[in-house]
Amino acid sequence: MLDGIKILDFTNYIPGPFATLRLAELGAEVVKVEAPEGDPARNTGGGYVFNAHNRGKKSIVINLKQAEGKMLALDLLARADVVVESFRPGVMDKLGLGYEAVKRTNPGIVYCSVTGYGRYGDMSSLGSHDLNYMSLSGALAQMKDSEGRPIHPTHTFSDYIGGMAASERILAALVARGKTGEGSYHCISIADNMASLMANHVMIEKETGYQNGVSVLNGTVIGYGLYETMDGRYVSLGALEPKFWRNFCSAVGREDWLPAHYSRPENSNSVYLELVDLFKSKSLSQWADFGMKVDCCLTPVLEAGELANYPYWSEKDFVMSEGQIKMHVDLPTQEGAVPPRKGEQTEEILQDWLSIKSSK
């Protein structure tokens with residue numbers, strides 16, 4: 001769908017590269033512009049952070065601190081459809097590569113800055129990471145242990161939400177350009193987009209004072225929660241609607257539980273205690289099979305290494321042979337696409353984009 005769209009990617013780590021990976025799998029040509037030392041993600045988590053988000057892209061090394069490098073970057077920007085950057089606000093302007101400078105030679109450019117806190121404001125110049133955006137957005141406060149302490153996530157939710165927001169905005173800008181012929185500038189705030197997920201919570205708190213969103217989704221009813229299995233694993237039961245609870249109770253031969261659907265998961269609740277014992281009577285795989293056969297919203301809590309072989313994902317080849325995850329499972333994905341070595345396609349890009357032949 002994006003065949004012929006040229007994207008210059010000046011981003012590092014996760015949010016920006018995740019955004020451009022999603023665009024690359026829609027057919028765009030993504031050129032990753034790296035400093036001489038490369039994207040720091042190449043050395044993060046054993047290099048896996050880089051490999052997970054940069055397959056199918058091309059890499060060129062440009063030293064933006066040198067005048068020659070800046071001129072080369074400007075020449076490439078003049079021929080690009082999209083540029084994505086994740087420097088702190090104002091850095092690209094100081095380099096002479098900001099939106100105003102680029103649009104003078106390329107008025108159709110779609111320019112997207114991926115930032116932590118936006119372009120303006122007291123926090124705009126501050127450095128931050130996923131954990132900061134999670135905490136500031138209010139989302140982290142929704143993940144607490146039994147003593148009310150926030151739990152440190154083992155997933156960088158904000159980074160990925162920010163990346164998806166950036167790709168969404170870029171696609172909308174390309175549609176607008178198709179109508180008007182004009183480019184545009186966009187500044188994505190990761191914190192803002194993470195906070196946008198708090199729509200239910202903020203509205204409900206304002207109206208009722210309750211801080212935790214939709215109460216029946218928070219483990220306050222026995223038909224919607226997590227249960228331990230015989231082998232110490234967990235399943236999620238999402239039988240929120242009466243029809244799903246009815247299906248579940250009928251399948252386990254306990255129609256007498258039907259009136260307890262929205263009762264609380266407390267030790268004083270005899271149905272809840274019986275439900276806990278029931279789930280502990282079978283293994284995770286047995287309950288997974290049950291959930292595939294009985295339409296009651298029952299699924300296993302899978303670990304990362306189990307996705308590839310779980311039927312739902314395996315039939316889609318969601319986890320590719322090299323351990324990569326598909327971005328758009330309903331679209332063809334180039335199997336075997338690998339992340340580029342630093343500067344690997346420099347000569348190719350100079351030739352294809354600028355018609356500069358190698359001196360070798």
Side-chain angles (χ1 to χ4, degrees), residues 1-12 14-35 38-39 41-42 50-62 64 69 72-86 92 97 99 102-103 105-114 163-164 166-178 181 183-186 188 320 322 324-328 330-358:
M1 287 182 279
L2 295 182
D3 184 43
I5 296 295
K6 295 179 179 292
I7 299 176
L8 281 180
D9 181 356
F10 290 83
T11 68
N12 297 316
I14 297 176
F18 182 64
T20 55
L21 174 59
R22 297 183 68 81
L23 299 173
E25 293 211 351
L26 290 174
E29 177 185 3
V30 177
V31 172
K32 188 170 182 65
V33 180
E34 299 190 66
D39 182 342
R42 289 184 180 274
F50 181 87
N51 293 342
H53 304 102
N54 290 284
R55 69 176 178 271
K57 301 179 186 178
K58 300 176 181 178
S59 172
I60 183 173
V61 171
I62 301 178
L64 298 178
L72 175 57
L74 273 175
D75 286 343
L76 292 172
L77 286 163
R79 293 160 174 80
D81 296 287
V82 177
V83 58
V84 190
E85 61 93 7
S86 62
M92 288 292 271
L97 304 174
Y99 175 63
V102 174
K103 78 172 184 178
T105 56
N106 186 354
I109 191 74
V110 170
Y111 198 116
C112 181
S113 298
V114 181
M164 293 186 76
S167 64
E168 174 189 65
R169 185 69 67 86
I170 289 166
L171 291 172
L174 286 172
V175 171
R177 191 184 70 172
S184 52
Y185 175 77
H186 306 272
I188 300 299
M320 293 180 281
E322 62 273 20
Q324 297 278 1
I325 295 290
K326 290 183 178 181
M327 296 293 103
H328 310 281
D330 59 325
L331 298 176
T333 298
Q334 183 180 352
E335 184 79 22
V338 297
R341 296 190 302 274
K342 185 177 67 176
E344 181 179 356
Q345 291 82 18
T346 296
E347 293 184 22
E348 174 189 336
I349 294 162
L350 293 178
Q351 172 65 40
D352 292 348
W353 286 46
L354 305 177
S355 299
I356 298 175
K357 295 184 179 180
S358 172

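- Note that CZ of Arg169 is 11.0 Å distant from OG of Ser113, once rounded to the nearest 0.5 Å.
- A salt bridge between Glu29 and Lys58 is present, with a side-chain N of the basic residue lying under 4.0 Å from a carboxylate O of the acidic one.
- Of the possible polar contacts, one joining the Lys32 side chain to the Thr11 backbone as a donor-acceptor pair under 3.5 Å is found.
- Among all heavy-atom pairs drawn from Phe50 and Pro339, the shortest one is CE2-CB, 3.7 Å.
- Within the 4.5 Å cutoff, side-chain heavy atoms of Arg79 are placed close to those of Leu354.
- The distance from the CG atom of Leu72 to the CD1 atom of Ile349 is 9.5 Å, given to the nearest 0.5 Å.
- His53 places no side-chain N or O within 3.5 Å of a backbone atom of Leu21 that could act as its donor or acceptor partner.
- With contacts defined as side-chain heavy-atom distances shorter than 4.5 Å, the pair Tyr99/Val83 does not qualify.
- When side chains are defined from C-beta on, Leu74 counts as touching Leu97, because their heavy atoms get closer than 4.5 Å.
- How far CD of Glu25 is from NZ of Lys57: 10.0 Å, rounded to the nearest 0.5 Å.
- Taking all atoms of both residues into account, the shortest heavy-atom contact from Ile62 to Gly69 is CG2-O, 3.3 Å.
- Using a 4.5 Å heavy-atom threshold, the side chains of Gln345 and Val31 count as separate.
- Asp81 places a side-chain N or O within donor-acceptor distance of the main-chain N or O of Lys6, the cut-off being under 3.5 Å.
- Between Leu26 and Leu171, the closest side-chain pair of non-hydrogen atoms falls below 4.5 Å.
- Using a 4.5 Å heavy-atom threshold, the side chains of Leu8 and Trp353 count as touching.
- Closest approach of Gly16 and Asp9 over heavy atoms only: O-OD2, 4.4 Å.
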Go through the steps for Leu174 and Val82 under the test side-chain contact (heavy atoms from CB on, under 4.5 Å), then give the verdict.
CA-CA 9 Å; Leu174 286 172; Val82 177; 3.9 Å; yes
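- For Glu34, the side-chain hydrogen bond (donor to acceptor under 3.5 Å, both in side chains) criterion is met by Arg42, Ser59, not counting sequence neighbours.
- Relative ring orientation between Tyr111 and Tyr185 is described as tilted, the plane-to-plane angle lying within the 30° to 60° band.
- Atom CG in Asp75 sits 10.0 Å away from atom CG in Leu350 (nearest 0.5 Å).
- With rounding to the nearest 0.5 angstrom, the OG atom of Ser86 is 12.5 Å from the CD1 atom of Ile188.
- Using a 4.5 Å cut-off on side-chain heavy atoms (C-beta onward), Arg55 and Met320 make contact.
- Closest approach of Thr105 to Ala78, counting heavy atoms only: OG1-CB, 4.0 Å.
- Closest heavy-atom contact between Pro17 and Thr20: O-OG1, 3.2 Å.
- The shortest heavy-atom contact between Ala173 and His186 is CB-NE2, 3.3 Å.
- Here the straight-line distance linking atom CG of Leu23 with atom CE of Met327 works out to 11.5 Å at 0.5 Å rounding.
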